[in-house]
Amino acid sequence: CRWAVAAPLWRCRVAAAASRANSAPREDLLAFWRGHGLTDADATRLVDAPRPTQNRNLSAYSDLEKLEERLAALQAALPSANVARMVARQPELLVRRGDTLARNVRSMREALPGVDVDRVLEKSPWLANRGPETIERNLAALRELLPGVDADTMVRRCPALLGYDPATLAAKVQSLRDLLPGANIAAVLRAAPQMLNLSAESRER
């Protein structure tokens, strides 16, 4: 029993040691990200960001060969996006499985055929971590709650709306109705979909 418990810990220690052995020096990592178009400030923030210690793929953050592979996989899934900028905003993309990411992007393209998904994910890269079921559920809620509004246009202008689960979205729509009694909410959101992305306090200012 002791060995059954100790074995996973032993494997984690070996993986961590291998990750450290393959880690590039900080200056090399900074040069790598600058070479991919990041500003000095963004490159520094990305390289110095704390890493999730429980993740076994930590070498994806600091192994130059793996970094190239991860960026190539991201670029293949999102040909017109600035993937280095996406990673600077959402470093966890470096440890996502390539096939999972490709599936998520493909399902978003199918759900939003009139939307430039590369641009949407460049603006809100965390959405690439949302699975097909989550995106489809949230999009259906958006269309059901606001039947007079073109959901594709709303997502194009305010991608963060795709991240709201149905209950949160319903609460935000109701909050806006309470704030603007008698107003045509569909018309309001056609003009300014980002209103749903603000807190009630922000909208009242």
Side-chain angles (χ1 to χ4, degrees), residues 49 52 54-55 57 60 70-71 73-181 183-205:
Q54 73 276 15
N55 197 300
N57 297 321
R70 298 285 182 169
L71 285 184
L74 276 169
Q75 199 69 76
L78 298 159
S80 64
N82 185 328
V83 294
R85 187 178 302 158
M86 290 178 62
V87 169
R89 294 176 177 173
Q90 189 75 21
E92 293 82 2
L93 290 176
L94 290 173
V95 294
R96 295 291 291 176
R97 285 172 53 99
D99 55 348
T100 299
L101 180 67
R103 180 202 62 180
N104 291 352
V105 172
R106 184 170 57 252
S107 69
M108 195 176 295
R109 292 193 199 284
E110 293 170 355
L112 296 161
V115 173
D116 183 348
V117 169
D118 291 36
R119 178 62 177 154
V120 165
L121 292 178
E122 187 175 315
K123 290 171 66 177
S124 299
W126 54 274
L127 285 172
N129 291 327
R130 298 295 193 269
E133 297 81 8
T134 299
I135 292 296
E136 290 169 8
R137 179 198 65 194
N138 294 357
L139 188 58
L142 186 62
R143 288 171 171 153
E144 181 179 349
L145 284 166
L146 299 163
V149 177
D150 180 46
D152 287 13
T153 299
M154 290 191 70
V155 169
R156 190 183 304 115
R157 295 177 60 188
C158 189
L161 296 180
L162 269 184
Y164 293 131
D165 61 74
T168 300
L169 185 63
K172 284 181 171 289
V173 170
Q174 186 57 52
S175 175
L176 192 58
R177 288 194 173 112
D178 293 342
L179 180 65
L180 302 171
N184 184 332
I185 297 301
V188 170
L189 292 174
R190 273 196 297 270
Q194 63 272 20
M195 288 285 288
L196 280 181
N197 204 31
L198 300 176
S199 66
E201 293 79 7
S202 298
R203 291 195 296 263
E204 290 170 358
R205 291 194 187 112

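Heavy atoms only: backbone and side chains are in, while hydrogens, waters and symmetry mates are out.
- To the nearest 0.5 Å, atom CG of residue Leu196 and atom OH of residue Tyr164 are 7.5 Å apart.
- Of all the heavy atoms in Arg190 and Arg157, the pair that sits closest is O-NH1, 2.8 Å.
- Distance alone, capped at 3.5 Å, places no donor-acceptor pair between the Arg70 side chain and the Gly98 backbone.
- The shortest non-hydrogen separation linking Leu127 to Pro159 is CD1-O, 3.4 Å.
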Can you give me every donor-acceptor pair (side chain of residues 139-156, partner residue at least two apart or in another chain, under 3.5 Å) with its distance?
residue: Arg143; atom: NH2; partner: Asp152; partner atom: OD1; Å: 3.1
residue: Asp150; atom: OD2; partner: Thr153; partner atom: N; Å: 3.1
residue: Asp150; atom: OD2; partner: Thr153; partner atom: OG1; Å: 2.5
residue: Arg156; atom: NH2; partner: Gly114; partner atom: O; Å: 2.8

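- Two residues are said to be in side-chain contact when any heavy atoms from C-beta on lie closer than 4.5 Å; Val105 and Met108 fail this criterion.
- No hydrogens or angles considered: nothing links the side chains of Ser175 and Asp178 as a donor-acceptor pair under 3.5 Å.
- For the side-chain hydrogen bond (donor to acceptor under 3.5 Å, both in side chains) condition, the pairs that include at least one residue of residues 103-118, sequence neighbours left out, are Ser80-Asp118, Arg109-Asp118.
- Here the shortest heavy-atom pairing between Asn138 and Gly163 reads ND2-C, 3.7 Å.
- With a 4.5 Å cut-off on side-chain heavy atoms, Leu161 and Cys158 count as touching.
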Task: Stepwise side chain to side chain contact (heavy atoms under 4.5 Å, CB included) check, Asp165 with Thr134 - done: CA-CA 8 Å; Asp165 61 74; Thr134 299; over 6 Å; no

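- By the salt bridge (charged side-chain N to carboxylate O under 4.0 Å, His left out) test, Arg119 is found to be paired with Glu122, residues two or more places apart in sequence or in another chain being considered.
- Proximity of a side-chain donor or acceptor of Gln75 to a complementary backbone N or O of Leu78 within less than 3.5 Å is detected.
- The CG atom of Asn82 sits 11.0 Å away from atom CG of Leu74, with the distance rounded to the nearest 0.5 Å.
- At a threshold of 4.5 Å between non-hydrogen side-chain atoms, the residues Asn129 and Thr100 do not count as touching.
- One distance of note links CZ of Arg137 with CZ of Arg130; it measures 9.0 Å at 0.5 Å rounding.
- Atom-to-atom distance recorded for Leu179:CG and Met195:CE is 6.5 Å, nearest 0.5 angstrom.
- Here the CD-CG distance, from Gln90 to Leu94, works out to 10.0 Å after rounding to the nearest 0.5 Å.
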